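The structure appears below as structure tokens.
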Amino acid sequence: MNDNHYNTIIIGAGPAGLSAGIYASRAKLKTLILNEGTVGGQLVLTHEIANYPGVKSTSGYMLGNSMKEQAESFGCEIRANLRITNMDLSGEIKRIEVNGKDEYTGDAIILAPGGRSRSLGVPGEDEFKGKGISYCATCDGDFFQDKEIIVVGGGNSALEEAVSLTKYARKVTIVHQFDHFQAFPHAIEEASQNSRIDFIMESRITEFTGEEKLQSVKIENLNTGEITHRKIDGVFIFIGYIPNTEFLNGKVNLNEWGEIPVNDLLETNIKGVYAAGDCIPKKFRQVTTAVADGTIAALSAADFIHNHRKEELLEV
Ligand SMILES: Cc1cc2nc3c(=O)[nH]c(=O)nc-3n(C[C@H](O)[C@H](O)[C@H](O)COP(=O)(O)OP(=O)(O)OC[C@H]3O[C@@H](n4cnc5c(N)ncnc54)[C@H](O)[C@@H]3O)c2cc1C
């Protein structure tokens, strides 16, 4: 086999991919991680991580960097800031083309491309991500003790997370574009009965403003067009989640939401191809759940490769 052949190729260097890299390299598999963006994935968007067991508080960047160094210390190779331009996962040897020219081959592939929260796409949103704007109540709710916050959205996630955020925030205002919610009746009832929650219906945020941190928002009334300015400590946006799986269309089975269906061993519908982290169907998307998936996928891939090798030895 040539230098570009690996036992395991992992796509994505977020917590799931890096954990898979640690486990696969430690299992003495020649392992390569290919990553489109910055190593660390969504971790690098996270100002502070305070719920990763054993690490009281750190920045997402630091945690991602330690995972990267740990993977490399076991011999895992990591290539970042690249683009996967083609792939053939169907054969026994899987082929991945990068940047339209380099080809890597692998015995097993672990797909860990993560995902992204759907954003509002209005001015100031990118600037204040992690500085007052959040897409994860479990992750960031605790930073808003006694503060005044807005929740954007009208589905189950928005209403359930708004209720959970009242454990921390003094006041939660739900801003929703329609005159009714799309959530289940019990979620609507629970939010409506919570004295810390109020509602601004048929309205949308049109701009986020502040200096170092988010300080205020502009809200447009969709009936009258009237714009109001509102001082606010934080905004949580729950308007949907998009797995980064567009590049896998037609290569591996995806469900109607673009997630990669897997079994308990995190096997996809293709032999030797696994998926881990935020790209698979699940309710809770956290660093801990992603690293658990990375572990399972790498150990499953290691089992697959060892059994596969045994078969090859028996054939000789
Ligand atoms: C603002 C914010 C705050 C958060 N705070 C917390 C928190 O406090 N605690 C917590 O537990 N969780 C938190 N989370 C959630 C947590 O970050 C994610 O659940 C976790 O990062 C998912 O890991 P992952 O490896 O599955 O995916 P990701 O972290 O999304 O990593 C996927 C990687 O794959 C790469 N990739 C994507 N497509 C391709 C492709 N085609 N080819 C190659 N590479 C590709 C991406 O560039 C990325 O590097 C937060 C998330 C956000 C957005």
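These figures come from a predicted structure and were not determined experimentally.
Transitive grouping of hydrophobic side chains (ILVMFWY, heavy atoms separated by less than 4.5 Å) brings Ile260 and Ile96 into a common cluster. Under the 4.5 Å side-chain heavy-atom criterion for grouping Ile, Leu, Val, Met, Phe, Trp and Tyr, Ile270 is connected to Ile9 within one hydrophobic cluster. No chain of hydrophobic side-chain contacts below 4.5 Å, direct or via other Ile, Leu, Val, Met, Phe, Trp or Tyr residues, connects Leu89 to Ile110. Hydrophobic clustering of Ile, Leu, Val, Met, Phe, Trp and Tyr side chains at less than 4.5 Å, counting indirect connections, unites Val163 with Val151. Connection of Ile78 to Ile84 is not established within any shared hydrophobic cluster, with ILVMFWY side chains joined at heavy-atom distances below 4.5 Å, either directly or through further cluster members.
Remark: Arg285 is positioned above the aromatic ring of Tyr241, its terminal NZ or CZ atom under 6.0 angstrom from the ring centre and at most 45 degrees off the axis.
In this structure, Thr8 and Ile109 have side chains that are not in contact, with every pair of non-hydrogen atoms separated by 4.5 Å or more. Counting heavy atoms from C-beta outward, Tyr274 and Thr268 have side chains that stay 4.5 Å or more apart. For the pair Glu160 and Phe238, the minimum side-chain heavy-atom distance is 4.5 Å or more. Residues Val262 and Glu267 fail the side-chain proximity criterion, which asks for heavy atoms closer than 4.5 Å. Proximity of Tyr104 to Lys94: side-chain heavy atoms (C-beta onward) are nowhere separated by under 4.5 Å. Residues Leu111 and Val252 have side chains in contact (heavy-atom distance under 4.5 Å, counting atoms from C-beta outward). For the pair Asp293/Leu266, a side-chain contact is recorded, criterion being any heavy-atom separation below 4.5 Å from C-beta on. Residues Val287 and Val291 are in side-chain contact: their nearest non-hydrogen atoms beyond the backbone lie under 4.5 Å apart.
In this structure, Ser66 has no side chain to side chain contact (heavy atoms under 4.5 Å, CB included) partners at least two apart in sequence or on a different chain. The side chain to side chain contact (heavy atoms under 4.5 Å, CB included) test applied to Ala13 returns Leu18, Ile33, Asn35, Val39, not counting sequence neighbours. With sequence neighbours excluded, the residues satisfying side chain to side chain contact (heavy atoms under 4.5 Å, CB included) with Leu299 are Tyr23, Thr295. For the side chain to side chain donor-acceptor pair (under 3.5 Å) test, no residue two or more places apart in sequence or in another chain qualifies with Asn249. Take Thr138 and apply the side chain to side chain contact (heavy atoms under 4.5 Å, CB included) test, not counting sequence neighbours, and it matches Cys136, Gln286. Residues meeting the side chain to side chain donor-acceptor pair (under 3.5 Å) test with Lys147, sequence neighbours left out: none. For Tyr6, the ring pair (Phe, Tyr, Trp, His ring centres under 6.0 Å) test picks out no residue, with sequence neighbours left out.
No side-chain donor-acceptor contact under 3.5 Å links Ser73 to the backbone of Ala71. With hydrogens and angles ignored, the 3.5 Å screen pairs no side-chain donor or acceptor of Lys131 with any backbone N or O of Lys213. Proximity of a side-chain donor or acceptor of Asn253 to a complementary backbone N or O of Asn269 within less than 3.5 Å is not detected.
A salt bridge links Glu77 to Arg79: one of the charged nitrogens lies within less than 4.0 Å of a carboxylate oxygen.
Residues Gln42 and Asp278 have side chains that bring a donor and an acceptor to within less than 3.5 angstrom of each other. In summary, the side chains of Glu220 and Thr206 do not present any donor paired with an acceptor at a separation below 3.5 Å, with no hydrogens or angles considered. Judged by distance alone, the side chains of His229 and Ser216 never bring a donor and an acceptor atom under 3.5 Å apart. Looking at Thr173 and Asp198, their side chains do bring a donor and an acceptor atom within 3.5 Å of each other. Side-chain polar atoms of Glu202 and Asn223 form a donor-acceptor pair below 3.5 angstrom.
Across all non-hydrogen atoms, the minimal contact from Phe144 to Asp233 is CE2-O, 3.4 Å. In terms of heavy-atom proximity, Cys279 sits nearest to Thr245 at CB-CG2, 4.2 Å.
Hydrophobic cluster of Ile227: no remaining members, since no ILVMFWY side chain lies below 4.5 Å from it. Hydrophobic clustering, defined by side-chain heavy atoms of Ile, Leu, Val, Met, Phe, Trp and Tyr closer than 4.5 Å, groups Phe208 together with Leu120, Val122, Phe128, Ile133, Tyr135, Ile150, Val152, Val175, Ile200, Ile205, Leu214, Val217, Ile219, Ile232, Val235, Ile237, Ile239. Within the hydrophobic cluster formed by Ile, Leu, Val, Met, Phe, Trp and Tyr side chains joined at under 4.5 Å, directly or through other members, Leu222 stands alone, with no partner residue.
Residue pairs meeting the disulfide (SG to SG under 2.5 Å) criterion with at least one member in residues 73-130, sequence neighbours excluded, do not occur.
For His306 and Phe304, the distance between ring centers is not under 6.0 angstrom. Here Phe199 and His176 keep their ring centres 6.0 angstrom or further from each other.
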Return all side-chain donor-acceptor pairs below 3.5 angstrom for residues 53-63, not counting sequence neighbours, or 'none' if the list is empty.
{"unit_1": "Ser57", "atom_1": "OG", "unit_2": "Glu48", "atom_2": "OE2", "d": "2.6"}
{"unit_1": "Ser59", "atom_1": "OG", "unit_2": "Met62", "atom_2": "N", "d": "3.1"}

Show the numbers, then the answer: is there a side chain to side chain contact (heavy atoms under 4.5 Å, CB included) between Leu29 and Ile305?
CA-CA 9 Å; Leu29 299 176; Ile305 290 164; 4.0 Å; yes
